[in-house]
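Each ligand, and each atom within it, is numbered from 1 in the order the structure gives.
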Amino acid sequence: ATAMSEAANGLPAPWTVRYSKSKKREYFFNPETKASQWEEPEGTDHGLLKQYLAEHPVRVRCLHILCKHSDSRRPASHRSEHITISKAEAIEELQEIQRRLESGESFESLAKERSDCSSYKRGGDLGFFGKGEMQGSFEKAAFALKVGETSGVVETESGVHLIKRVQ
Ligand SMILES: O=C(N[C@H](Cc1nc2ccccc2[nH]1)C(=O)O)c1cc2ccccc2s1
């Protein structure tokens, strides 16, 4: 196919790449016909697809530290059955954690110490996730990170987060 008929992803338009959480691998989806398949569609430019995927991850793996507050959707966690700190106080706590990260403490140890998410047990590790699985503001921040990079304070309905992309 000519370059015109392929999106920048090497796939014949309008095919896109998605991530299957259950099968833990990429699959191909045609939003017009709603067709989905494991193998690359007919006419795919394999080299362009590989290059595209290197720059546009279909899935990322992140650690995060969540500080819930009184306005959180579920203001409770293993740390407290009734979380009452304000959003401003939660942000201040994350800023103190940012300082401890910058002075060399590990993200995992800080997640175990402070995160209000049940992933604290695994050093904040959420595993791999694709688009459409996490709350929008979290997804947007996570997919904008390079591997090894840590976000600033990210707000979701659950509270306020620091996110570190590891894969
Ligand atoms: O939603 C979860 N936990 C919630 C808090 C929370 N809210 C989040 C919003 C976005 C990303 C992670 C988030 N974690 C809770 O414990 O109240 C998850 C826990 C875990 C544990 C392991 C892997 C994925 C997940 S997602």
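In the hydrophobic cluster analysis, where Ile, Leu, Val, Met, Phe, Trp and Tyr join through side-chain heavy atoms closer than 4.5 angstrom, L66 is grouped apart from Y120. If you chain together hydrophobic residues whose side chains sit under 4.5 Å apart, Y19 and Y52 fall into the same group.
Counting non-hydrogen atoms of neighbouring residues, nucleotides and ligands closer than 6.0 angstrom, the CD atom of E39 exceeds 12 such neighbours.
Judged purely by distance below 3.5 Å, without hydrogens or angles, the side chains of H78 and S118 never pair a donor atom with an acceptor atom.
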Which pairs would a plain distance check flag for residues 137-148, meaning a side-chain donor or acceptor within less than 3.5 Å of a matching protein atom at least two apart in sequence or in another chain?
| from | atom 1 | to | atom 2 | distance (Å) |
| --- | --- | --- | --- | --- |
| S137 | OG | E155 | O | 2.7 |
| E139 | OE1 | G132 | N | 2.7 |

Write 'none' if nothing qualifies; otherwise put on separate lines each N/O atom of ligand 1 with a protein N/O atom under 3.5 Å away and their distance to 0.1 Å.
| from | atom 1 | to | atom 2 | distance (Å) |
| --- | --- | --- | --- | --- |
| ligand 1 | 7 (N) | S158 | OG | 2.8 |
| ligand 1 | 16 (O) | S118 | N | 3.3 |
| ligand 1 | 17 (O) | K68 | NZ | 2.8 |
| ligand 1 | 17 (O) | R74 | NH2 | 2.9 |

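Considering H69, K68, Q135 as possible partners of S158, the one that fulfils the side chain to side chain donor-acceptor pair (under 3.5 Å) test is Q135.
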